[in-house]
Amino acid sequence: MDLTLTEEQQAFRALARDFLEREAVPHRMQWDHDESVDLEIVPKMAELGFFGLTIPEEYGGVGGDYVTYSLAMEELGRADSALRGIVSVSSGLVGKSILFHGTDAQKQEWLPQLAAATRLGCFGLTEPGTGSDAGNLTSRAVRDGSDWVIDGQKLFITNGTWADVALVFARTSDDGPRGVTAFLVPTDSPGFTARTITGKLGLRGQATAELFLDGVRVPDAARLGEVGQGFKIAMGTLDKGRLAVASGCVGIVQGCLEASVAYATQRTQFGRPIASFQLVQDLIADMSVDADAARLLCWLCADLVDRGEPYGTAASKAKLFASEAAVRAANNAIQVHGGAGYVDDFPVAKYLRDARVMTLYEGTSQIQKLIVGRAETGVSAFT
Ligand code: COS
């Protein structure tokens, strides 16, 4: 076993770190305060290849392996999780759904634009009444000649007000998860509206929205995959999405560690740097172990994807551990900073606010445990 990164992987990580230190870190608090990142950063990120990672070159992407993707998500999470979400939803959840389930025409139409970020995508699965029990969603698509007419509501949708295309999961029959179909809905379709959700605890720079579909008409050519395959498309895509969230959480843990070491080595109390106190080192050591452990779970999962092995359970384990570690690390980082960590002069309060949603979205920690438990025992807690 060799955990050495290739020269290309190391080069991309260095490039990403350098770019984000210049273009994101100085602005992240302002974006957080404004409840919107400056979208001018999006094309710059695309130019660097963030949006094209894992999208093949023939569709305008830069190709690349999932270990590199994990490294990119880690750097984005370290800099600003709001940016990580924009990338991992648009080119991750939406782009990969199209890549693996789209027709050639759908791939040609959307992938080059998602890879270049000239168009953004959002992933419309969650509804007011269905979060963990995604297979019970109630948005409905009814066949009308060669079209489909979609009615429903989606909630907590990342990129919702910025997206040009929404991947919408809607019910086409009353057969639970097997009655769900996926559609690529242009967001300028008549009957489609998006409303920003403000006042979030964290990820404030990211557009999170409620979507309303009121008789939205799309041609059958907008259907992604077969009728009734939507839930499987969503679950398969979320497996990779969970790797992206987990990798972003590694970045949060790493950022907390670096901020805490920097603070603890310059802050003096009782006549010496607080880094010399064993109880402060205890907090820092926990962050360091969490960073390594979470990163290794992500690399393990990414390596399984790259080798074409099953990775769903590994993604759930990585997401479970890394998201809980991010909350733990951010909380400990505030403890190291004392009162200084409770205000926005240091990044750790934002890390905690951003980290808190990571144990909730793309499957709560409880759902990840039940997925891992099902894989270990062969018994489902859901049926
Ligand atoms: N990849 C591909 N297919 C999958 C899959 C996966 N990871 N997980 C389940 N499926 C398939 C199953 O194989 C089954 O197929 P068949 O109809 O051929 O038997 C079908 O999907 C239904 O699966 P299952 O019976 O497991 O569905 P459940 O309703 O029991 O749901 C959980 C399972 C709870 C695991 C699922 O609903 C889940 O992950 N919920 C969390 C949703 C989530 O992450 N929401 C956040 C949205 S984005 S912020």
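Counting convention: from 1, in listed order, for ligands and their atoms alike.
Side chains of Val87 and Leu83 form no contact here, defined as non-hydrogen atoms less than 4.5 Å apart.
Atoms of ligand 1 found under 4.0 Å from any heavy atom of Thr126 (numbered from 1 in listed order, with element): 47 (C). Shown in contact with Leu125 at under 4.0 Å from a heavy atom are these atoms of ligand 1, numbered in order with element: 47 (C). Close contacts between ligand 1 and Pro177 involve ligand atoms 22 (C), 29 (O) [criterion: under 4.0 Å to a heavy atom]. In summary, the atoms of ligand 1 found under 4.0 Å from a heavy atom of Asp239, numbered by their order in the structure, are 1 (N), 6 (C), 7 (N). Near Leu238, meaning under 4.0 Å from any of its heavy atoms, are these atoms of ligand 1: 43 (C), 44 (O), 48 (S).
Ring geometry for Tyr263 versus Phe346: interplanar angle over 60°, hence perpendicular rather than tilted (30 to 60°).
Side-chain polar atoms of Lys240 and Tyr311 form a donor-acceptor pair below 3.5 angstrom.
Remark: minimum distance from atom 17 (O) of ligand 1 to any protein heavy atom is reached at Arg178 NE, 2.4 Å.
No more than 12 heavy atoms of other residues, nucleotides or ligands lie within 6.0 Å of CD in Glu226, so this atom counts as exposed by the packing criterion. Annotation for Gln335: atom CD does not count as buried by contact number, only 12 or fewer foreign heavy atoms lying within 6.0 Å.
Less than 4.0 angstrom separates atom 13 (O) of ligand 1 from none of the non-hydrogen atoms of the protein. Protein non-hydrogen atoms do reach within 4.0 Å of atom 6 (C) of ligand 1.
Between Gln366, Arg242, Glu362, it is Arg242 that holds the heavy atom closest to atom 39 (O) of ligand 1. Comparing heavy-atom distances from atom 36 (C) of ligand 1 across Met235, Gln229, Arg374, Glu127 singles out Met235 as nearest. Of the candidates Phe382, Phe156, Phe123, Phe231, it is Phe231 that places a heavy atom closest to atom 20 (C) of ligand 1. Of all the listed residues (Pro310, Gly363, Gly131, Gly236), Gly236 holds the heavy atom that lies closest to atom 1 (N) of ligand 1.
Using a 4.0 Å cut-off between charged nitrogen and carboxylate oxygen, Arg217 and Asp144 count as a salt-bridge pair. For Arg353 and Asp32, the salt-bridge test passes: some basic side-chain N is under 4.0 Å from an acidic carboxylate O. Ion pairing between a basic and an acidic side chain is recognised when a charged N comes within 4.0 Å of a carboxylate O; Arg140 and Asp151 show no such pairing. The pair Glu362-Arg242 fails the salt-bridge criterion, with no side-chain N (NZ, NE, NH1 or NH2) lying under 4.0 Å from an Asp/Glu carboxylate O.
Between Ser132 and ligand 1, an N or O atom pair is found at a separation short of 3.5 Å. Among the atoms of Lys232, some N or O lies under 3.5 angstrom from an N or O of ligand 1.
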